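All remarks here apply to the structure that follows.
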Amino acid sequence: MSDPKAAFAQALARLRGRLPDVSDEAVARRASAVVLPSGRRVAVNARRLGEWVGGQSVPRDFDVVLAVAMATGGVPKPTELRDLWRAAHRDRRATPKSGRLVVGRPPSDAAALRDRPDLADAIDAALRAPDVRQVLLTGPGGVGKSQLATAAFHRARADVLVWVGARTRQSVLTGYARAWRALAKAADADEETQADLFLAWLRSTTTSWLVVMDDVDDPAELAGLWPAGDGRTLITTQRRDASLLRPDARVVTVGMFTADEATAYLSARLSVDPRHDPADLATLADALGRFPLALSQAAAFLIDSGTDVPTYLDLLADRRQRVADLFPPTSPADDHHDTVAGTVRLAVERARTLAADAVDALGLISVLASDGIPESLLADHLPALRALHRLNLVTHHGRVEAHALVQRAARDLLPDLATPAVTAADAIEREWSTADPDTAAALYRNAEVLRTVAGEHLWTGGMHPVLRRLGRYLAEIGRPAAARDVATALLTHATDPRDVIALRTQVAKAIGDLGDPQTALAHFTEIRATAEDTLGLTDEDTLWARFHQANYRLETGLIEQALAELTSLIDSCGLPAAHPVRVMAEDDRILCLGLSGNLTAARDAADDLVTTLRRELGPRHKQTLRVVLGLGRWIGETGDAHTAVATYQEAVDGLEAVAGRGHHDTFIARHNLAYWRAVAGDLPRAITEFATASADAERALGETHPTTLTYRSNLVFWQGMAGDPEALHHLTALRHSVERTFGYRHPRALRIRQQRAQLLHRAGHTDEAVDELRAVLAEMSAVQGDNHPRTREAADLLASWRTT
């Protein structure tokens, strides 16, 4: 055998040729999954497969050859293939030239290289596409673009392969000149002339070629140097400028590792250091945002410094630690020329050349939410935002996203966080007042991140108004526990009396919303006294304290006293008719009228209030629609259940439109619509709507939230009234959850006991039902008073049972 290496390469090429439309990456994956006759599996690298087929090298282990053979359809005479491999492996002569010209030096493989098969397949498909001349790998610095390009370079079948470092115009000229000298075997001209000759050859030749332009920093600087012709160009860059997005270009976006890829990288890279607990690696991968460069540098730092993963996680969590110290240049990444901090710094410097205020814009972005910043918060910096987008520092498509480590590195570049923190808070406050539900949710998320990373700068001269919004927003969407926790945390920083009163108000209201109205009332009695002394009788925060105090008197059953306090508040506040304090006080005053037995007066007052708000605020304003809910109730309580249903339907439709289906007010409206539909006799539709309201509440608030428990108990009750034999059992189980949440004597707990008595009576357990309802009635009289509508309803029901 004159040339055993060539003979072996030809045999392997014939096997590989069985799958001409399948990429080397896919063939390598298939071969790696093959179970050999010995029971063994072997790892086959796509890059090495290309070298073996091209005759550039010979595998050291025959098992990888056998795995490739089996993955491509098997081989009838494996011993012949083994003999060819053995002869090639023993041949000590230099590997013959493949006929291809390879110029340039791609980066070495990473120490724990990840294949990233989806991206590799996308690159290969783009390089094979007949209408594609340029393949653009774009993404932030340090995500592995050059590694992917290197793998594609080694897999390529072109006759001329050129790797060019493209960070500067000079480096491109040098790379092209080197390629021309290798092609023409001549060096009789300067580099620029040689580069021109190489570009002319690319344009005119029928020889297949691939040019990789790695790390293009400024596309404009390379004007006149872009390869053209029948070959292919593979470009890696952080940029996504219009000049790169050509009709004959295919863009492959390279982002962060997947969770599995990141964990697998750390596991492989840190396998040299047995101190590290594998269970900690997924946590570390998530903490680093699965950023490949950060993972590589962190792994090197752990190995070099002897730091364990938990200690390093503590360092990451410490905002005082600079990114440059967490990823020091003394522990470099795999063949990457820069650190995490350095990569961001260079990109920021380039952004400054594109937009003078790029650093200001990035400063704002750095203190906001990485997973979605409303564009409106950066309305004053849109050109800068586009510059940052072009450099892959951020992604801007309607909203703005940025990697958390990029944000952290950007914060390290700022001389002071105070200016961007206050500017960002001002922008959030400005946008929140008119935000739709989705935008409000995004603004809350951004305000929370701002509070976490730069909250100490929002207290100069008192609490920034945006911080007051946090607890209010959480309360509005039905998360009182979270509202309490946020307000309690803010109270530890508050010193201004107004801030203290506002935050204490939020804490006390959350306590009441969580089912403890007695404690809430005690808090508001103290808060009101403090507010009147420090802020004055007519200050808005004082009026809110007065309103909540009266509201929780009502919640504890002191209806007449609450009615008197609310009437006094309305008469003395001096506020316009549509002011939120006055509207809510009037709405609660109407509730007191109804609960004290004056149903007609409650209905008429509610109708008047709705008329006023429709005129002042509009029929689709949330405040108007909330009052429509009360009107529906009193229409129903005065005996017109069908009109109550129509009124509630109006409120449900309106709230879904302006607040969304998942808003707290919306599923309250739907629940109450279901109740009155049941009263009106349409049980099937009522039960469906109860189920919808219950599911929406559970999804938004959780299964143990007071609102969810209320809706579930009402759903089960009406299912029982419709004949479900399991309803009594389910309601009994729910009763215990309700009493744990609300307390034994809470009106909601008493209501579920009444409902249970009704289901007992319906099931024929008359004596037990009468005893239960009699006990409930006594509790209702003590807690709510004999004149309360629910008390009277229970009394009338008990009387009807006694007479039957």
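Just so it is clear, the structure is predicted and the values come from calculations on it, not from any experiment. What's counted below: heavy atoms across the whole structure, side chains too, no hydrogens, waters or symmetry copies.
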Sequence neighbours left out, what passes side chain to side chain contact (heavy atoms under 4.5 Å, CB included) with P310? Give chain and number order. D280, D308
Run the numbers on Y265 and E261 for side chain to side chain contact (heavy atoms under 4.5 Å, CB included), then give the verdict. CA-CA 6 Å; Y265 173 86; E261 287 170 343; over 6 Å; no
Are any side-chain N or O atoms of Q297 and backbone N or O atoms of P328, one a donor and one an acceptor, separated by less than 3.5 Å? yes
Spacing of M213 atom CE and S171 atom OG [to the nearest 0.5 Å]: 8.0 Å
Could you grab the distance from atom OG1 of T263 to atom CG of L284, nearest 0.5 Å is fine? 9.0 Å
Do T174 and E191 have a side chain donor and acceptor closer than 3.5 Å? yes
For a side chain to side chain contact (heavy atoms under 4.5 Å, CB included) check, start with the C-alpha distance between R41 and L36, then their side-chain angles and the critical distance, and finish with the verdict. CA-CA 6 Å; R41 281 194 178 93; L36 299 173; over 6 Å; no
With side chain to side chain contact (heavy atoms under 4.5 Å, CB included) as the criterion, how do T423 and D380 come out once you've worked through the C-alpha distance, each side chain's angles and the decisive distance to 0.1 Å? CA-CA 11 Å; T423 303; D380 295 336; over 6 Å; no
Positive for side chain to side chain donor-acceptor pair (under 3.5 Å) with T138, one of T253, T237, D241, N392: N392
I'd like to know if D61 and R40 make a salt bridge, using a cut-off of under 4.0 Å between side-chain N and carboxylate O. yes
To the closest 0.5 Å, what do you measure between CZ (R128) and CD1 (I123)? 11.5 Å
Testing the 3.5 Å rule here: is there a donor-acceptor pair between the side chains of R60 and H89? no
Does the side chain of Q134 come under 3.5 Å of the side chain of R250 through a donor N or O and an acceptor N or O? no
As an exercise, state the distance from CG of L354 to CG of L391, rounded to the nearest 0.5 Å. 5.5 Å
Report the C-alpha distance between V211 and W163 in whole Å, list the side-chain angles of each, state the deciding distance to 0.1 Å, and finish with yes or no for side chain to side chain contact (heavy atoms under 4.5 Å, CB included). CA-CA 6 Å; V211 175; W163 183 280; over 6 Å; no
Do any N or O atoms from the side chain of K145 and from the backbone of Q238 form a donor-acceptor pair under 3.5 angstrom? no
Taking side chain to side chain contact (heavy atoms under 4.5 Å, CB included) as the definition, give me every residue that meets it alongside R133, ordered by chain and number, with sequence neighbours left out. D230, R232, D248
Walk me through whether F301 and Y312 qualify under ring-ring contact (aromatic ring centres under 6.0 Å, His included). CA-CA 9 Å; F301 178 77; Y312 189 70; 5.7 Å; yes
If you measure from the Lys or Arg side-chain nitrogens to the Asp or Glu carboxylate oxygens, is any gap between R345 and D412 under 4.0 Å? no
So, T353 versus E349: side-chain donor-acceptor pair below 3.5 Å or not? no
Measure up the F198 and Y176 rings against each other and bin them: parallel (under 30°), tilted (30 to 60°), perpendicular (over 60°). tilted
Salt bridge (Lys or Arg N to Asp or Glu O under 4.0 Å) partner of R167, chosen from D218, D215, D217: D215
Would S146 and D214 count as having a side-chain donor-acceptor pair, cut-off 3.5 Å? yes
